[in-house]
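Scroll down for the structure; my scribbles are underneath it.
Here is the naming used below: chain letters follow the sequence lines, and residue numbers restart at 1 for every chain.
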Amino acid sequence: MNQTEQKKYFSQHLLEWYMQNKRDLPWRRHRNPYYIWVSEIMLQQTRVDTVIPYFNRFIERFPTVEDLADAPEQDVLKCWEGLGYYSRARNLQAAAKQVKELHGGQVPDDKQAVFALKGVGPYTAGAVLSIAFNKPEPAVDGNVMRVLSRYFLIEEDIMKGSTRSYMEGLVALLIPEGRASDFSQALMELGALVCTPKSPHCLTCPVMEHCAARIEGVEESLPIKTKAKPPRPEYRVVALVEGTGEHAGKVLIRQRPQSGLLARMWELPHVQVPQTRSGRLPDEPAMDILAGALPEEGVTARPEGYMMDAEHTFSHIHWNLQVYRYREASIPLAAESREVYMLEHERADEEASVPQYRWIAEEDMALYAFPNVFLKIIREHFKR
DNA sequence: AAGACGGGGAG
DNA sequence: CTCCCAGTCTT
C-alpha cells in the first residue's frame with residue numbers, strides 16, 4: 001500500500017466509524033455556529049465530561065451571541081467558575097462584542113474574520129470553520145496530533161510549532177470532499193475514545209490495520225512531547241475575616257487585579273510569605289504578618305487562630321495556603337472614603353488601582369466568581 | 001521560542 | 001501521591 005492509499009483508507013474508515021460511534025453531545029444537537037464556538041473554547045485543555053454541564057448552563061444563561069455581548073462580565077466569569085483558564089471567558093465575551101458590532105451577531109464564516117476574534121487561534125478557527133460551516137480547514141488539537149503521529153509514525157516533537165503546521169498540511173490532504181465537518185469531529189473523537197494517550201484501544205480502532213506505530217509496536221511511546229517544567233512553590237497566608245456589627249455573619253472578600261493570574265476573580269485577602277527552610281511558616285508569625293497587612297484592605301482585625309491548610313496547583317505555580325480566622329475589630333472607615341475617592345475620580349483604567357473588597361453573606365457567593373481553592377475555604381467556613 | 005494561564009482525571 | 005492533558009496570548 002502506497003502513501004496515497006494509506007491516506008484514503010484512513011479517511012474512509014475513520015469517517016464510517018464516526019458515523020456509527022459518535023457521541024450525543026449538547027453542541028452536536030444543532031449546527032449552531034455559536035454553540036460550536038462556545039464548546040470549542042470550553043474544550044481547550046478541558047475534558048468533554050467536565051464541559052457538558054458548564055456548556056448547558058452557559059447556553060441557558062447566554063442563548064445568543066448578543067446575550068453574551070451584553071452581559072456583565074462578572075456574570076460570564078460566574079458561569080465559568082471552576083472551569084479554569086478564565087482569560088478564555090473574558091476573551092469569549094470580548095469576541096462576542098466583536099461579532100455583534102462587526103458581523104451583526106452572526107459568527108463569521110471566513111477565515112480572516114474568525115481568526116481575528118479574541119481567543120481564537122489556529123485550532124479554534126479551524127474547528128469553527130470545519131465543524132460549523134463544513135469548510136475544508138484543518139483543526140489540529142492534541143487529539144489530532146496524537147492520532148496522526150501514531151498512524152503516520154511522525155516522531156517530531158508535538159510541542160513545536162513547526163510540527164503543528166506540518167500536521168495541518170497533512171489534515172488538509174485527508175479531508176474527504178464535502179465532509180469537513182464530520183471528518184474534523186471524527187479525528188478528535190478517535191483520539192478521545194480509542195487512540196487515547198495511555199493504553200490506546202487498538203483492537204477497536206477502525207484504522208489499526210495500516211497504523212504505522214501499531215505495526216512497529218511503538219504506539220505507546222508516541223507522540224513525542226517535551227515535558228513541562230514543574231510548578232514553583234509559593235507560600236501564602238490567608239485571612240478568613242468574620243465581620244462584626246453591621247457585618248455580622250459576613251466574610252471579607254476582595255477582587256483580584258485587572259490582569260494576570262485569575263484576573264478580576266474574587267478571593268480571600270492573603271499575602272505571600274517567604275519560603276522557610278521547613279516550608280511552612282509557624283502560626284504566630286504568619287498571623288502577625290497578615291494582621292499587619294489587613295489595614296491595607298480597609299479593616300483592622302484580631303487574629304482568632306488557625307483554620308485550615310489548602311493547596312492549589314496551577315500549571316506554573318503551586319500554592320501552599322495557611323488560612324487563619326480573624327474577627328473584624330472596627331468599622332472600616334478607610335473603605336468608605338476609598339469608595340468616595342473612586343467615585344470622584346473616574347479612574348477605571350488607572351493601573352495601580354486599589355483592590356475592591358466587600359463583605360458577603362453565604363447567599364452572596366452566587367454573585368461573585370471565585371477560584372475553586374477559595375470556594376472550598378469559604379464553603380468550609382459557612383458549613384460550620 | 002518561552003512563559004503565563006486552571007483544574008480535573010487516571011493509575 | 002504522581003503523572004498526564006495542551007490552545008492562546010504575551011513577552
Side-chain angles (χ1 to χ4, degrees), chain A residues 36-54 77-95 98 114-129 131 137-149 156-165 167-168 184 188 191-193 195-201 220-234 256-267 310-321 369-376:
Chain A
I36 306 289
W37 175 30
V38 170
S39 72
E40 288 301 337
I41 299 294
M42 287 188 171
L43 286 164
Q44 290 168 10
Q45 282 86 22
T46 313
R47 288 171 171 75
V48 165
D49 290 344
T50 305
V51 165
I52 289 172
Y54 280 92
L77 283 177
K78 188 66 191 176
C79 265
W80 213 270
E81 182 184 73
L83 249 195
Y85 285 117
Y86 299 96
S87 65
R88 293 184 297 172
R90 298 189 300 268
N91 285 336
L92 181 59
Q93 189 186 23
Q98 289 178 278
V114 173
F115 197 75
L117 298 174
K118 279 204 168 48
V120 175
Y123 164 71
T124 308
V128 169
L129 290 164
I131 298 173
E137 295 289 339
V140 175
D141 72 347
N143 288 308
V144 174
M145 287 198 280
R146 186 169 59 252
V147 169
L148 296 182
S149 70
E156 300 296 314
D157 185 344
I158 63 165
M159 296 303 280
K160 285 166 46 181
S162 58
T163 306
R164 202 208 65 229
S165 297
M167 300 265 188
E168 285 175 349
S184 231
M188 292 187 272
L193 299 181
C195 197
T196 47
K198 282 180 290 190
S199 25
H201 309 104
E220 293 265 19
S221 57
L222 288 175
I224 305 292
K225 188 181 174 189
T226 57
K227 272 191 274 226
K229 278 174 32 179
R232 65 175 186 273
E234 277 186 12
R256 293 185 59 88
Q258 297 297 299
S259 61
L261 185 68
L262 303 167
R264 301 198 278 278
M265 303 280 286
W266 292 79
E267 65 180 5
E311 287 184 54
H312 193 69
T313 308
F314 304 92
S315 33
H316 56 310
I317 307 171
H318 180 85
W319 273 0
N320 296 279
L321 304 182
F370 299 95
N372 267 354
V373 63
F374 291 109
L375 220 42
K376 202 171 74 182

Q: Classify the angle between the aromatic ring planes of A:F374 and A:W319 as parallel (below 30°), tilted (30 to 60°) or perpendicular (above 60°).
A: perpendicular
Q.
Just the rounded figure in Å: distance from P of C:dC4 to CZ of A:R146.
A. 13 Å
**Q.** Euclidean distance, atom CH2 of residue A:W37 to atom P of C:dG7 [Å, nearest integer]
**A.** 19 Å
Q. Nearest to the side chain of A:P197 - C:dC4, B:dG9, B:dG6?
A. C:dC4
**Q.** Among C:dC5, B:dC5, C:dT8, the nucleotide that comes nearest once only the side chain of A:H316 is considered
**A.** B:dC5
Q) Given atom NE2 of A:H318 and atom C1' of C:dC1, what is their separation to the nearest angstrom? A) 12 Å
Q | Separation of C:dC5 P from A:N143 CG (nearest whole Å) | A | 10 Å
Q. Below 3.5 Å, does any donor atom in the side chain of A:Q45 face an acceptor in the base of C:dG7, or the other way round?
A. yes
**Q.** Heavy-atom pair with the smallest gap, counting every atom of A:A263 and A:Q258
**A.** CB-O, 3.5 Å
Q. How is A:L43 classified with respect to the nucleic acid when contacts are heavy atoms under 4.0 Å: base, sugar-phosphate, or nothing?
A. nothing
Q | Closest-nucleotide 5' rank along DNA chain C - winner of A:R47 and A:V120 | A | A:R47
Q.
Mind checking if A:T46 touches a base, just sugar-phosphate, or nothing, with heavy atoms under 4.0 Å?
A. base
Q. Given A:V373 and A:L321, is the side-chain contact (heavy atoms from CB on, under 4.5 Å) satisfied, shown in steps?
A. CA-CA 9 Å; A:V373 63; A:L321 304 182; 3.7 Å; yes
(Q) Taking C:dC4 as the reference, what is the distance to B:dG6 when you measure between their C1' atoms (whole Å, please)? (A) 15 Å
Q | A:F374 CZ to B:dG6 C1', straight-line distance once rounded to whole Å | A | 13 Å
Q | Rounded C1' spacing from B:dA4 to C:dA6 in Å | A | 14 Å
Q | Closest to the A:H312 side chain, choosing from B:dG9, C:dA6, B:dG6 | A | B:dG6
**Q.** Pairwise 5' ranking along DNA chain B for A:I317 and A:T50, keeping only the more 5' one
**A.** A:I317
Q) Quick one: on DNA chain B, does A:K229 or A:Y86 contact a more 5' nucleotide (nearest heavy atom)? A) A:K229
Q. Which listed nucleotide (B:dG7, B:dA4, C:dT8) is nearest to the side chain of A:F314?
A. B:dG7
(Q) Counting only side-chain heavy atoms from C-beta out, which of B:dA4, C:dG7, B:dG8 sits nearest to A:R232? (A) B:dA4
Q. Looking at the side chain of A:Y123, which of C:dA6, B:dG9, C:dT8 is the nearest nucleotide?
A. C:dT8
Q) Within this structure, what is the CG-to-C1' distance between A:L83 and C:dC5, rounded to whole angstrom? A) 15 Å
Q. Given B:dG8, is OP1 or OP2 found less than 4.0 Å from the side-chain N or O atoms of A:N372?
A. yes
Q: Would you check if A:T46 and A:Y54 make a side-chain contact, meaning some heavy-atom pair closer than 4.5 Å?
A: no
Q. So what does A:S87 hit on the nucleic acid, given a heavy-atom distance under 4.0 Å: a base, only sugar-phosphate, or nothing?
A. nothing
Q: Using only heavy-atom distances, determine whether the side chains of A:T124 and A:Q44 contain a donor-acceptor pair under 3.5 Å.
A: yes
Q | Residue A:K225, side-chain atoms from C-beta onward, closest of C:dT8, B:dG6, C:dA6 | A | C:dA6
Q. Looking across every strand, which nucleic acid part, if any, lies under 4.0 Å from A:A228 by heavy atom: base, sugar-phosphate, or nothing?
A. base
Q | Nearest non-hydrogen partners of A:A95 and A:K118, listed with the distance | A | CB-O, 3.6 Å
Q: May I ask you to verify if any side-chain N or O of A:T124 is less than 4.0 angstrom from the OP1 or OP2 atom of C:dT8?
A: yes
Q: Round to the nearest Å and state the distance from A:D157 atom CG to B:dA1 atom P.
A: 11 Å
**Q.** Span that lies between the C1' atom of C:dC5 and that of B:dC5, in whole angstrom
**A.** 15 Å
Q) Checking all strands, does A:D141 fall into the base, sugar-phosphate, or nothing category for heavy-atom contacts under 4.0 angstrom? A) sugar-phosphate
**Q.** Full working for side-chain contact (heavy atoms from CB on, under 4.5 Å) between A:M265 and A:Y86
**A.** CA-CA 9 Å; A:M265 303 280 286; A:Y86 299 96; 3.6 Å; yes
Q: Give the rounded distance in Å between these two atoms: CG of A:L375 and P of B:dG8.
A: 10 Å
(Q) Mind checking if A:G161 touches a base, just sugar-phosphate, or nothing, with heavy atoms under 4.0 Å? (A) nothing
